[in-house]
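Contents: one structure, followed by commentary.
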Amino acid sequence: MEKYRITYSQKFMGQTIRESYIKTVSGKGELEQAVNALYCDPHVFKVVYRKVEDD
């Protein structure tokens with residue numbers, strides 16, 4: 001299992017909102033599903049992710 005921080009930007013009521021969350025996934029396929037689910041929202045225009053290293 002790997003942890004990723006997923007950050008997305010969306011336009012809503014004339015403002016740009018940027019949010020992020022951490023998701024634990026079992027593989028790249030599950031990560032891509034999470035990204036695609038965000039893009040299903042018509043307000044979302046950018047999604048990026050990066051691996052979170054455990055300390």
Side-chain angles (χ1 to χ4, degrees):
M1 302 292 272
E2 297 178 319
K3 290 183 184 179
Y4 286 86
R5 176 173 297 280
I6 299 173
T7 303
Y8 61 97
S9 300
Q10 61 183 328
K11 289 275 190 186
F12 186 72
M13 306 267 310
Q15 295 189 7
T16 299
I17 301 168
R18 185 171 173 246
E19 297 285 336
S20 68
Y21 63 95
I22 293 178
K23 181 165 182 71
T24 302
V25 298
S26 59
K28 280 286 196 187
E30 189 175 345
L31 179 60
E32 291 299 325
Q33 285 179 341
V35 170
N36 290 338
L38 286 167
Y39 277 124
C40 285
D41 183 332
H43 298 105
V44 173
F45 63 89
K46 181 179 180 183
V47 179
V48 295
Y49 57 85
R50 66 177 175 84
K51 188 174 180 180
V52 175
E53 300 296 331
D54 290 330
D55 291 332

Apply salt bridge (charged side-chain N to carboxylate O under 4.0 Å, His left out) to Glu2 and list each qualifying residue two or more places apart in sequence or on a separate chain.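 For Glu2 the salt bridge (charged side-chain N to carboxylate O under 4.0 Å, His left out) partners, ignoring immediate neighbours, are Lys51.
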
Show every donor-acceptor pair shorter than 3.5 Å between a side-chain atom in residues 23-43 and any protein atom, with sequence neighbours excluded, or say none if there are none.
from	atom 1	to	atom 2	distance (Å)
Ser26	OG	Glu30	OE1	2.8
Glu30	OE1	Ser26	N	3.0
Glu32	OE2	Tyr49	OH	3.2
Asn36	ND2	Glu32	O	3.3
Tyr39	OH	Val47	N	3.0
Asp41	OD1	His43	N	2.8
Asp41	OD1	His43	ND1	3.1

Thr16: which residues meet the side-chain hydrogen bond (donor to acceptor under 3.5 Å, both in side chains) condition with it, sequence neighbours left out?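 By the side-chain hydrogen bond (donor to acceptor under 3.5 Å, both in side chains) rule, Thr16 matches Lys11.
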
Which residues pass the side-chain hydrogen bond (donor to acceptor under 3.5 Å, both in side chains) test with Thr7, not counting sequence neighbours? none

Side chains of Tyr8 and Glu19: closer than 4.5 Å at any heavy-atom pair?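 Yes. Closest side-chain heavy atoms under 4.5 Å.
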
If hydrophobic residues (ILVMFWY) are linked whenever their side-chain heavy atoms come closer than 4.5 Å, directly or via other members, who joins Met13 in its cluster? Phe12, Ile17

If we ignore angles and hydrogens, is there a donor and acceptor under 3.5 Å between the side chains of Arg18 and Ser9? no

Pairs flagged by ring pair (Phe, Tyr, Trp, His ring centres under 6.0 Å) wherever residues 15-35 is involved - sequence neighbours left out: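 Residue pairs passing ring pair (Phe, Tyr, Trp, His ring centres under 6.0 Å), neighbours aside: none found.
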
